[in-house]
Structure formats: C-alpha cells, structure tokens
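Here the structure is laid out as structure tokens; the discussion comes afterwards.
Predicted model, so just to flag it, every value in this text is computed and none were measured. A, B, ... follow the sequence lines: proteins, then strands. Residue 1 opens every chain.
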Amino acid sequence: MKKEGSLKIVLSILVIILITLVSIWGVYKKAGIVMKNRLPDYKYGMELDDTNLINIEVQKEETTTPEVTTGETTETAETTETTETTEENGENTEKSEEKKEDVYTVKNYRKAKEIIEKRLKLMDVEQYTIRLDEGNGSMAIEVPTELSSLVSQNAFATGKLEIKIDDNGEIIGDNKSIQDVKTRINKDYANVKGAGMTVELTFVFTKEATKKFTDIKNNYDIFTQSETTETETTEGTDPTALTDNSGVTKRYITFYLDGSSIYSKPIDEIAEYGSTGTLPLSIGGYTHDNEEIEQSLKQANITKSLILTENLPIKYTTTATTSTIHSDISKKSIAIVATIAVLATCAYLIVKYKLKGVYGSLAIIGFISSLLLVVRFSNIVVTISSIFSIALMAILQFIYIAKILNGNTASKKFNEKTMDFVKIIIPIFLMSIAISFAKTVELNGFGEVIFWGILVFVLFNNILTRAMLTNAKNK
Amino acid sequence: MKKKILALAAIVVLISIIVVAVRGFKVDYCFNAHKLVYIELGQEFNTKDIKAITDEVFPKENVVIQSSGVYSDNIVLSVNQISDEQKSLLSQKINEKYGVSTTAENIAVRSIPNYRLRDLVKAYIVPMLIAFAVAGVYIAVRYRKLGIVKVLVSFVSLTCIAEIMYFALIAISRFPVNRLVMPGALAIFFILTAYLVNGNEKQLKAEEE
C-alpha cells in the first residue's frame, strides 16, 4: 500500500511537471527545416495586442447654387417672372441648404455610430471601440490591426442597395426589400474535379418584395425591343445570346450597391427565384483553395453587412489612420507579476505545511498550467477580464489547497472537503455559462475561463491532487 | 452592528452620488477625450527616454507612451491637450535626443473623443442580469429549506449593496475608471456569490445535523 501510494505521488508529480513544461515552453516538432511549436498560440484581445486607430470625419456636401436654367427659359418672358423664378431659386437653395443642415444632427451622428457598430458585428469584427464626438460627428474607431483595411474600406460606405430593371431604370427594390442575407460555403461539389467549393450569398426577400417579383414574373415583358437593327450589333454584346430571332433583347435586373453593380441576370431568372422568396448567388466562383474561399466569404459578409444595415445618414471620409499601435500593457510584466505571486504562495505553503506544502504548491502550479493550456486550445481571447478570471481561479485553487492541507488529508476527509467546495462552485459554474454567451469579447472571455477553470479544477484535483495529498503522510 | 454598517454604507453612497452629480467619475485615457500625438521617429526608442522628455514638456500630466509601426519606430503619446509651444518644445527635445529633424508641423495631433461610460456598462447589464437570475434560481432551489424568500433577499441585497459600494468608493476616491473597473465588478459579483453560498451551505449542514 505504501509503495503504491509513493508510486501515485511520483507519477502525479511527473505529470504535473510535464504539464507545466508543455504549458510554458510548448511542444516542438520539425516542420521542414525549422522546429515549430505545435501548441496553438494565445489569442490576445485589443488591449494586449496591436491595434489601428481610424479617424473619420463627416464629409459635408458642398452646397452649390443651382444653374440658372430656369432663368434662361424665362428670359423671353417678362422680367417679373424671371425675378420670381430666381427668387424661387433662392428660396429653394435656402431650403436645400436647410435640409442638408438638418442631416448634421446629433441624432444622425448617433445613428451613424449604431449603423457602423452593426456592420462591424455582421463583418465578424468582434473587437472594436467607437468613440463619437457629438459636436461634429467625427469618430475614432479602434480595431485590431489585421482587420483595419477590412473596416476602413467597407464599414463607412453608404450601403444603398437598388434593384433596377436596366432598360427603363425602374427601381423594384432596395435595402428594405431584403429581410435577411445568408452566407455559407457550398461544399456540394468540393470533391468534384474541376469544380470545388464556392461561397453562396442568399438574399431572403420580404413579403412585399416577393409579391413584386411574382408580379414581374407574371406580367412583365422578358424582352424589350432592341434599338439596333439586324445589321448593327451593339459593342460587347453577343446578339445570339441576348436576342431572339426577331431582334429583341432580354431585359436585365441588376443589383447595385452604392452605384456599383454586384449582380446582374435576365429578368425572368431573377423573377423566378425572387417569386420563391430567395435568390442565391455565387461569390468568387468554384475553387479548391481554402484561402480564396475565406476571402470570398469575407467579401460576402461585407456585402451582407452593408445590405442588412440601414444606409448611413451622413457621408464619412477617413482623415487619418494610425497603424499598428502597440499596447501600453506589457505581457512580460503580467507574466512576471503572476510568477512572483505564484512563487510567494508556494513559499508560504511550503513554510507552513512542509512536505505537504510542496505537494500543495505543485497542485497550484499544475492547475494553473493546465488552465493555461486549455485557454490556448479553446481559443479563448486573452483580455484584461480573462486575466482577472485566471487570477480568480488561481485564488480558488489556493483556498482549496489551504483548506485541504489544514488538517487530515486522508481520503475520507479529502472527499468531504472537496465535495464542500464543489457545492460552493456549482452556482459560479452556472453563472459562467450565462456570461460565456455574452457578445463582447471581454465578458465571454471571463465566463469561458471560469467555465473551463471549474472543469479543470474538478478533474485536476480529483485525480492529481488527490493522488498526492491522500497518500502523503499525516502527522 | 449591522445597522451601523448599513448606515455607514448609506452615507458613502450618498456622498458618491453627490460627487458623481457634481464632478462625474474620473476617467482614464483609455476612455477619456484626449489628443493623440503621432511622431514618425524612424528609429527604435526607449520609453524611459520619451518619459523624461514628456515630463519636461507636459509637467504634472500623466502621459501614456506607446510605440507604433511594424518596427516600433514611431511614437504615440496620449495627452489631455497640446499647445503649439509644447509641440515645438517636443520636436526640439526629440531632435536633441535622437538626432533627427522633426518639426512641429511633422507632429500629427489627432482628436480622440471620449468613450461613453454608458456604452461600457451597457454591454455588461444583460449578461450579468442573466447570471444573477441563474444564480438566484439555483440558490432558491438548493436552500429552500432555509426559506426561499430569506436566501433570495440576502443574495440580491448583498450583491447589489456590494456593487453599489464598489462604484461609490471608485467615485469618492477619484480612482480613474479604466479597463480594470468592470472586470473588478464582475469578480466581486462572483466572489460574493461564492461567499453567500458558502454561508448557506454551513447553515444547511447545521440544520440537517
């Protein structure tokens, strides 16, 4: 029994040493000619990593006096009419200036900020801070460096969607016609040679828009009389594709986003899909390249974010970007402080409890190392909040070990004390699950660390700490 | 004793309400409106050297010094305000120290608006309320033998008082609201819940015995 007990202690110590070494230094494997760490790296939040600061300002439209074309047309008329028209022009100019001034209000600045926030969330930009100057509408947006170009190129666009019939310019839909936009990677042909994966962007139309498409399908002409004769050909068009034998051309519906065409197909095709309520489009073509697919998915999400959010009420222009601002919080300092705290705790335990104190210290070090390994593998974003929660879990482990060491560490007493502890942490565990679903990175990082921390706490202490302390000699 | 503590807590909260109403919370740079001073240095620098320069140029002001750029060769300072004289003095000191020829015109100053504390707190409200409700349900069910109303009232009142006192002390002590404040509030919430549950467990154990 004694030998078995000693063996368990030795094995536990070796496992703890292994976990600690792996957690601190990693596991290296040869990749080509270099040794690469197989462990995933920590994911740092904006507070601890590099960020870009984008300054945007309101782009006020220049108010130009309208051309005096109305004046010219009334030149031949009596002067009073001209004067009245120019006076009307003056009033109209004033009214249009007033209307434009109405746009630059605190309400619209706040609305613009909300719209930009929604877009960032739809673009899967999880971390950002937006500061608004309500005096002049300018904003300072801080985002992780790697997402800066994505944000600055797309988040501040007006986002105006227009669904138009090309030949007569009839607008049949806009942003309000879209109920939802879904994006996904279509892997149906992933294993087909010559095909591959593609990104699908599906518009889900509102009831009104679906009715409109049904109306188009049933009542609109598919062809329009071409202005060209049979002998003439329009440059860049293939007459055999677009025209039927009588020389008419097919009508097209085009989706425009901020004036740029994003999708264009014959009216019958779009109306057919639109009348069912959905319209799927392929972004980027078929490919087996994962990076290309990721890029296409990003593009699809950008389009989604611009369509699903309202149009920005004000135009913005980027005035400055401060790139790659390094955090003022040193990760090295945090590591040093944490190490000193752990070593001080271990010293206290060893001085107070002697050999059992050594086992207790190993239990604390092993627990923290295990938790840090779990943080790496579960992709938890390390922020100030999650560092707080790691510290909390370390304190929990210390209190637990101190409680166990205080008295007999025989198996029965160990079980009793452990059960008492588990009963206390059950509501904390449930709370951590609730917090883990929060939308902000700071909150869900806190919750996830507590969640995993408690699971590691239960497993680690019931296996390794129990093996060491229950087999240690009780004086 | 309990009444004395409650009375003291009430006084602290009242003072904090007056302080917040008159002066508001003191806010750190990470949330406050400030000026971002950007200097393209073109070479690596020591933060201590820059600190010595900023202590001269911005006396009695806490300046946050960061580096920027792929090679960390640009200086980013966060200051309350910067005048033209300070810009000139700053460029002069940097030129003396690093042998570059920066002018006041080369120094870019960008206005950074404040980050509303409301936006900071807003993100925490719903998740904390849900966590609160989850913990409340567990406590009510687990400790029903001790009296559901009694345990719930003590849970709700103690956690609320603790959080209010936390923010009250921050307001009174003029501790700058920074990135540590909200995680601190969360930590207090979790620790207090564990403390209350521990007390309830002991009571339950005593009653069962």
Chi angles and distances behind the side-chain contact (heavy atoms from CB on, under 4.5 Å) call for A/Met431, B/Tyr138: CA-CA 10 Å; A/Met431 283 159 65; B/Tyr138 174 83; over 6 Å; no
Enclosure of [X] [atom1] (heavy-atom neighbours >12, cutoff 6.0 Å):
{"X": "A/Glu126", "atom1": "CD", "result": "no"}
{"X": "B/Lys205", "atom1": "NZ", "result": "no"}
{"X": "B/Gln43", "atom1": "CD", "result": "yes"}
{"X": "A/Lys107", "atom1": "NZ", "result": "no"}
{"X": "A/Lys417", "atom1": "NZ", "result": "yes"}
{"X": "B/Arg174", "atom1": "CZ", "result": "yes"}

Part of [X] lying under 4.5 Å from any heavy atom of chain B:
{"X": "A/Ser386", "value": "neither"}
{"X": "A/Asp328", "value": "both"}
{"X": "A/Ile130", "value": "backbone"}
{"X": "A/Thr322", "value": "both"}
{"X": "A/Glu134", "value": "side chain"}
{"X": "A/Ile387", "value": "neither"}
{"X": "A/Asp420", "value": "side chain"}
{"X": "A/Ile329", "value": "side chain"}

So what's closer than 4.5 Å to chain A heavy atoms on [X]: side chain, backbone, both or neither?
{"X": "B/Leu120", "result": "neither"}
{"X": "B/Leu36", "result": "side chain"}
{"X": "B/Lys202", "result": "neither"}
{"X": "B/Ser78", "result": "neither"}
{"X": "B/Tyr29", "result": "backbone"}
{"X": "B/Asp119", "result": "side chain"}
{"X": "B/Tyr124", "result": "both"}
{"X": "B/Tyr115", "result": "both"}
{"X": "B/Phe190", "result": "both"}

[X] side, atom [atom1]; [Y] side, atom [atom2] - distance, nearest 0.5 Å:
{"X": "A/Phe437", "Y": "B/Ile130", "atom1": "CZ", "atom2": "CD1", "value": "10.0 Å"}
{"X": "A/Lys113", "Y": "B/Arg116", "atom1": "NZ", "atom2": "CZ", "value": "5.5 Å"}
{"X": "A/Phe446", "Y": "B/Met182", "atom1": "CZ", "atom2": "CE", "value": "11.0 Å"}
{"X": "A/Thr324", "Y": "B/Gln66", "atom1": "OG1", "atom2": "CD", "value": "12.0 Å"}
{"X": "B/Ile139", "Y": "A/Ile426", "atom1": "CD1", "atom2": "CD1", "value": "12.0 Å"}
{"X": "A/Ile424", "Y": "B/Leu196", "atom1": "CD1", "atom2": "CG", "value": "11.0 Å"}

Heavy-atom closest contact (A/Arg131 atom, B/Ile112 atom, distance):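 That closest heavy-atom pairing would be CD-CG2, 3.4 Å.
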Minimum heavy-atom distance between A/Asn55 and B/Ser111, given as atom pair plus value: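 Heavy-atom minimum between the residues: ND2-O, 3.4 Å.
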Out of [options], which one racks up the most heavy-atom pairs below 4.5 Å with chain A?
{"options": "B/Pro113, B/Cys30, B/Pro183, B/Ala108", "answer": "B/Pro113"}
{"options": "B/Thr193, B/Val76, B/Asn200", "answer": "B/Thr193"}
{"options": "B/Ile65, B/Asn74, B/Asn114, B/Thr47", "answer": "B/Asn114"}
{"options": "B/Gly69, B/Ala187, B/Pro127, B/Ala194", "answer": "B/Gly69"}
{"options": "B/Phe31, B/Tyr195, B/Phe132", "answer": "B/Phe31"}

Tell me, out of [options], who's got the most heavy-atom pairs with chain B below 4.5 Å.
{"options": "A/Thr51, A/Leu132, A/Asn52", "answer": "A/Leu132"}
{"options": "A/Ile384, A/Ile435, A/Thr440", "answer": "A/Ile435"}
{"options": "A/Gly447, A/Pro427, A/Ala434", "answer": "A/Pro427"}

Polar side chain donor-acceptor pair, A/His326 to B/Ser68, under 3.5 angstrom: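 Absent: no donor and acceptor within the cut-off.
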Stepwise side-chain contact (heavy atoms from CB on, under 4.5 Å) check, A/Leu443 with B/Leu186: CA-CA 9 Å; A/Leu443 266 173; B/Leu186 260 181; 3.5 Å; yes
